[in-house]
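What follows is a short report on a single structure.
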Amino acid sequence: MSRLRVAVLASHYGSNLRALHGASLEGEARFGIALVIGNNSGSGALTYAREAGIPTVHMSGRTHPDPEELDEAMRAALVAHGTGLVVTAGYMKKLGPRVRQEFNGRIINIHPALLPLHGGKGMYGKAVHEAVLAAGDAVSGPTVHFVTEEYDAGGVIAQSEVPVLPDDTVESLAERVLAAEHLLLPAVVQIIATRAPASADR
Ligand code: GAR
């Protein structure tokens with residue numbers, strides 16, 4: 001059975017990477033994690049990937065001070081690992097034009113709110129859930145969408161809803177949304193892998 005080769009870009013803890021990797025080890029999985037790229041060498045995501053035996057690359061403004069070189073190095077690493085789908089999961093940097101062009105239509109992101117609500121520059125992590133609570137929304141939940149040049153502006157692929165409860169704090173809401181992310185992201189990647197195996201290993 002051919003499997004879609006997925007590269008995950010992550011900056012922080014990497015719980016979505018863990019969920020995706022766990023799902024990739026299930027018998028029915030049509031995808032595998034081919035590469036993890038992180039911009040923070042001590043992040044939970046890179047540590048997890050190293051321990052799990054997944055190829056990793058650390059690249060950032062420190063390893064590549066010139067943004068064009070960083071963009072090209074990332075594009076080359078993704079191509080070299082036979083990447084069919086790029087997933088940004090808690091990756092806090094914008095992708096460069098070369099990566100976006102090379103993987104046009106094959107880069108997806110997970111965002112912890114129901115886009116187009118509560119997205120855009122500066123809207124990540126805690127700030128997103130604070131905005132949901134401040135707006136008095138009755139529901140929230142993750143969105144998986146295509147990555148384009150603008151933050152959180154690409155077409156929505158899938159969303160799942162969770163309730164916002166009257167006594168919610170940022171932490172309690174974040175935890176509920178994150179649990180939903182861990183179900184939604186592997187499900188979306190599995191569907192993409194099933195329908196369009198853009199690159200394959202055996
Ligand atoms: C996730 O909640 C993800 O949706 C969010 O960062 C967290 C990363 O968690 N992304 C954004 O806010 C992007 N705008 P993780 O490192 O445990 O996967």
Side-chain angles (χ1 to χ4, degrees), residues 6-25 31 33 35-52 54 56-60 85-96 99-100 107-135 137 139-164 168-190 192:
V6 177
V8 179
L9 275 59
S11 298
H12 297 302
Y13 180 65
S15 69
N16 277 292
L17 164 66
R18 292 162 205 246
L20 209 47
H21 181 238
S24 78
L25 301 178
F31 64 94
I33 310 299
L35 176 66
V36 173
I37 296 180
N39 59 311
N40 174 357
S41 62
S43 67
L46 279 181
T47 303
Y48 171 82
R50 287 185 198 111
E51 286 173 3
I54 303 166
T56 61
V57 179
H58 166 231
M59 43 177 71
S60 67
L85 179 73
V86 179
V87 176
T88 61
Y91 185 66
M92 299 308 168
K93 299 281 173 189
K94 227 173 178 179
L95 296 178
V99 168
R100 279 190 278 108
I107 311 176
I108 65 173
N109 177 54
I110 185 149
H111 182 79
L114 297 170
L115 293 174
L117 297 175
H118 313 302
K121 193 167 165 47
M123 290 302 276
Y124 57 84
K126 221 176 152 188
V128 176
H129 305 297
E130 276 169 359
V132 171
L133 293 177
D137 295 350
V139 290
S140 188
T143 300
V144 178
H145 65 96
F146 288 108
V147 170
T148 58
E149 196 177 348
E150 298 300 317
Y151 281 108
D152 302 326
V156 169
I157 301 167
Q159 297 182 312
S160 77
E161 292 190 358
V162 302
V164 180
D168 259 336
T169 61
V170 165
E171 289 72 27
S172 64
L173 179 58
E175 193 179 324
R176 194 174 310 119
V177 172
L178 195 59
E181 293 183 40
H182 297 161
L183 298 176
L184 184 67
L185 185 59
V188 168
V189 172
Q190 175 75 350
I192 291 172

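Here, residue 1 is the first one in the sequence, and each next residue gets the next number. What you see is a predicted model; the values in this text were computed from it and never measured. Indexing begins at 1, ligand by ligand and atom by atom, following the structure's order.
- The residue from Ile192, Ile110, Asn109 that alone fulfils the side-chain contact (heavy atoms from CB on, under 4.5 Å) condition with Val144 is Ile110.
- Residues of the protein with a heavy atom under 4.0 Å from ligand 1 are Tyr13, Gly14, Ser15, Asn16, Gly90, Met92, Ile110, His111, Pro112, Met123, Tyr124, Gly125, Leu178, Glu181, listed by chain and number.
- For Tyr48 and His21, the gap between ring centers is short of 6.0 Å.
- With Ser11 contributing its side chain and Met92 its backbone, the two residues share a donor-acceptor pair below 3.5 Å.
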Throw together a table of side-chain donor-acceptor distances under 3.5 angstrom for residues 118-134, partners on residues two or more places apart or in other chains.
from, atom 1, to, atom 2, distance (Å)
His118, NE2, Asp137, OD2, 2.7

### Task
Evaluate side-chain contact (heavy atoms from CB on, under 4.5 Å) for Val8 paired with Ile37, printing each intermediate quantity in order.
CA-CA 6 Å; Val8 179; Ile37 296 180; over 6 Å; no
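- Within 6.0 Å of NZ on Lys93 lie no more than 12 heavy atoms contributed by other residues, nucleotides or ligands.
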